[in-house]
*Asks:* 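After the structure tokens below, expect a handful of questions from me.
Because only heavy atoms are used, hydrogens play no part in the values below, and waters and symmetry mates are left out as well, while side chains stay in. The chains referred to below are lettered A, B, ... by the order of the sequence lines, with proteins before strands, and numbering in each begins at 1.
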There are 2 protein chains.
Amino acid sequence: MPDHTPAPPPTLADVAERAGVSRQTVSNAINNPDLLRPETLTRVQDAIQVLGYRPNRAARHLRTRASHLIGLRMSPAQEFTANAAMDRFVHALVEASREAGYHLLLFSGGPGKPETTAADLVRGYDDLLRSTAVDAFIVTDTYLGNPQTRWLTDRRAPFVAFGRPWADADATHRWVDVDGAAGVALGVEHVIERGHERVAWIGWSDESFIGADRKAGWLRAMAAHGRSVDGLSVTVPDTVDAGREASAALLDAVHPTAIACASDTLAVGVLHTLAERGLQPGRDVAVVGFDDSQVAQVVPHGLTSVRQPLEQVAVALVRALESLLARDDYDGQGVLLAPTLAVRGSTAR
Amino acid sequence: MPDHTPAPPPTLADVAERAGVSRQTVSNAINNPDLLRPETLTRVQDAIQVLGYRPNRAARHLRTRASHLIGLRMSPAQEFTANAAMDRFVHALVEASREAGYHLLLFSGGPGKPETTAADLVRGYDDLLRSTAVDAFIVTDTYLGNPQTRWLTDRRAPFVAFGRPWADADATHRWVDVDGAAGVALGVEHVIERGHERVAWIGWSDESFIGADRKAGWLRAMAAHGRSVDGLSVTVPDTVDAGREASAALLDAVHPTAIACASDTLAVGVLHTLAERGLQPGRDVAVVGFDDSQVAQVVPHGLTSVRQPLEQVAVALVRALESLLARDDYDGQGVLLAPTLAVRGSTAR
DNA sequence: CTGAAAGCGCTAACAC
DNA sequence: GTGTTAGCGCTTTCAG
């Protein structure tokens, strides 16, 4: 078995000794280089270089009360939904955080597997906060009407949300979100431009704010082109089967030439229906999904889908967090980003 | 703007004062409860409860030289490949770590976007190590023949690898892996049981150890049933198109009744070919994928696929890490876990 | 079983 | 500009 006793990393004192200065001067060389005479600075920097010195994070954290860690809660994986986006998001966040000098600390919910009580939901946050493990949080599941943002606000915990405070008109926290309505409108405009007359909508319940938002994009684009929406809209749960059945019913009842969906999951259901009926996506019926998931990319001919700019979202979140922690004045509470449309075969003619 | 100046969390001293004991006694109540007289213990615990006290991690870390953080490198997202599994893996790891009292610290590669030099590759590890930010690492991309594990070993950094040390016979580090050969054999046995005679294989280059391993499972299962493998095997890059083309060629040349693949990506390509030819997966040609990705689940009738036991992998990794950090004697260097087969429509008759 | 003293590595405040 | 002093909150000796 290998010996896992690495040589203890060099400390400030080691660098100081080597450079022939005091510990404080080394500290200044790192945190306030301007204070040093250039020649001293280079001497210290050389010593740092040679020794491969990096400040001990625990010590720095203890002294400055800043861990340079951002907490992110991983909600239990939901295998069928758009957690593909979560993966892209986490990647983007790691990258954006790194550039700002932060690392991501992942944690999960309460001890019990399924999230039940509100107390369970916030336990992870509470622990990290009380033990001063993180400087701030990035909160992602604001749509559940869950108590996290409220609780964090009351707690005066620094955090930024990915997602608008839909339900809470007097929420004061900062947020970044993607304009789902604009994204769907983009997709609907796209198929209308390609000559489609009757564009149907398969979405989620209006009780879901995100669902209502996305549907609003469809309504807006249809209205902008003077299209009627009578009987063209249907509301279902977010499953492949629901998309399959809903699209079958729509095709029988109102003969749409294009169908926009609130998710790729639903859109895949539509594709199933088309395949069953020998209809070709794009040529016969256009299909637009939402989230640009892996499925959209590998489906035959590809599925046109709204793509969230998660890289931009991550950057905006980290920027908001930085200004929050620096107590900068910050113009505006929320940032709304525009998605793009990944055009593929399902809307080709 | 909300005031983000939370009340400073209570310290050991606050608890001590409230409980009428010394700071040290409170520390003992937490770390060595047996040392306290029962009545003192409850008094201290009550005070902890009332104040909502949690030990300051930075202070504890500084003193004990244990951060209770595990470093995990997020390699740049590869949108088309099996990074769906990565998401599941991270979730499982967060959960397993939490149960062991650890959190996950995410970091990324060097400053440059695409990983280039070996120095870039290990920079993230080096920084974290020198700044004593993490207690250990979990290394995932061991298959690239990349220098990480070697470098970490030389550095005497505690780490556990997800993935066998394929290329390195005298590697001494601990690892956990999934028996890809056994997984593929499971799939091949399954279709053979269902009466398929000619089971073809679409895999990756043998230079990829993982590819060779998975192919070995096919060879083994075929041999076990006295099947010839002549002309039934083909090697391609891991893309949908490659799978589509390879399967078309195989169907023309050797008329397999079943095709097993090294990945879901390749299997989806096979499904495309079947669709183009009006063949029904399962009934006409059986298809088996690998990784049980989201695609396998939403494809029409579903794709039978080998599923890695990532939850078990995560638990085993954390367990290995614990024993490593505790310097326990540990039986065996590696753990090989058996995958399962998620049976769906693509192998139904 | 409990308390007192020391120090982990760093930086903020002040002297020189 | 540079060095000295103190202390962040905790745990590890060592006395009592």
*Asks:* What nucleotide among C:dG9, D:dC10, C:dA13 has an atom nearest to a side-chain atom of A:Gln24?
*Replies:*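 The listed nucleotide nearest to A:Gln24's side chain is C:dA13.
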*Asks:* Counting the atoms with a prime plus P, OP1 and OP2 as sugar-phosphate, which does B:Arg23 contact under 4.0 Å by heavy atoms, base, sugar-phosphate, or nothing?
*Replies:*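 Answer is base: heavy atoms of B:Arg23 come under 4.0 Å of a base.
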*Asks:* Flag the pair A:Asp126 and A:Arg130 as a salt bridge only when some basic side-chain nitrogen lies within less than 4.0 angstrom of an acidic carboxylate oxygen.
*Replies:*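 Salt bridge: yes.
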*Asks:* Between A:Arg73 and A:Tyr125, is any pair of side-chain heavy atoms under 4.5 Å apart?
*Replies:*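 Touching, per the 4.5 Å side-chain cut-off.
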*Asks:* Name the nucleic acid region contacted by A:Leu12, choosing base, sugar-phosphate or nothing; use a 4.0 angstrom heavy-atom cut-off, strictly under.
*Replies:*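 Contact class for A:Leu12: base.
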*Asks:* Please compare B:Ala59 and B:Leu41 by the position of their nearest nucleotide in DNA chain C and report the one closer to 5'.
*Replies:*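 Here B:Leu41 is the residue nearer the 5' end.
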*Asks:* What nucleic acid atoms does B:Leu62 come within less than 4.0 Å of, heavy atoms only: base, sugar-phosphate, or nothing?
*Replies:*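 Base, at least one base atom sits under 4.0 Å.
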*Asks:* Do any side-chain nitrogens or oxygens of A:Arg37 fall under 4.0 Å of OP1 or OP2 in D:dT2?
*Replies:*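 Yes, such a contact exists.
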*Asks:* Taking only side-chain N and O atoms of B:Arg65, does any of them lie within less than 4.0 angstrom of OP1 or OP2 on C:dG9?
*Replies:*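 Checking C:dG9 against B:Arg65, a side-chain N or O does come within under 4.0 Å of OP1 or OP2.
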*Asks:* Between C:dC10, C:dT2, D:dT11, which one does the side chain of B:Thr64 approach most closely?
*Replies:*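 In terms of side-chain proximity for B:Thr64, the closest of C:dC10, C:dT2, D:dT11 is D:dT11.
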*Asks:* Using OP1 and OP2 only, check whether a side-chain N or O of A:Asn56 sits under 4.0 Å from C:dC10.
*Replies:*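 A:Asn56 to C:dC10 OP1/OP2: no side-chain N or O under 4.0 Å.
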*Asks:* Please determine, for the side chain of B:Thr40, which listed nucleotide (C:dT2, D:dT2, D:dG9) has the closest atom?
*Replies:*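 Nearest listed nucleotide: C:dT2.
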*Asks:* If you measure from the Lys or Arg side-chain nitrogens to the Asp or Glu carboxylate oxygens, is any gap between A:Arg319 and A:Glu322 under 4.0 Å?
*Replies:*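 A salt bridge is absent here (no side-chain N lies under 4.0 Å from a carboxylate O).
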*Asks:* Measuring from the side chain of A:Thr11 (C-beta onward, heavy atoms only), which nucleotide among C:dT2, C:dG9, C:dT11 has the closest atom?
*Replies:*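 Of all the options, the side chain of A:Thr11 is nearest to C:dG9.
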*Asks:* Given C:dC10, C:dT11, D:dC10, identify the nucleotide with an atom nearest to the side chain of A:Ser27.
*Replies:*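 Shortest atom-to-atom distance from the side chain points to C:dT11.
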*Asks:* Quick one: closest heavy-atom pair of B:Leu106 and A:His103, and the distance?
*Replies:*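 Looking at all heavy atoms of both residues, the closest pair is O-ND1, 3.5 Å.
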*Asks:* Report the distance from atom CZ of B:Arg63 to atom P of C:dA5, rounded to the nearest whole Å.
*Replies:*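 After rounding, the gap between these two atoms is 16 Å.
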*Asks:* Which is true for B:Ser22 with a 4.0 Å heavy-atom rule: it touches a base, it touches only sugar-phosphate, or it touches nothing?
*Replies:*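 B:Ser22: base contact, heavy atoms under 4.0 Å.
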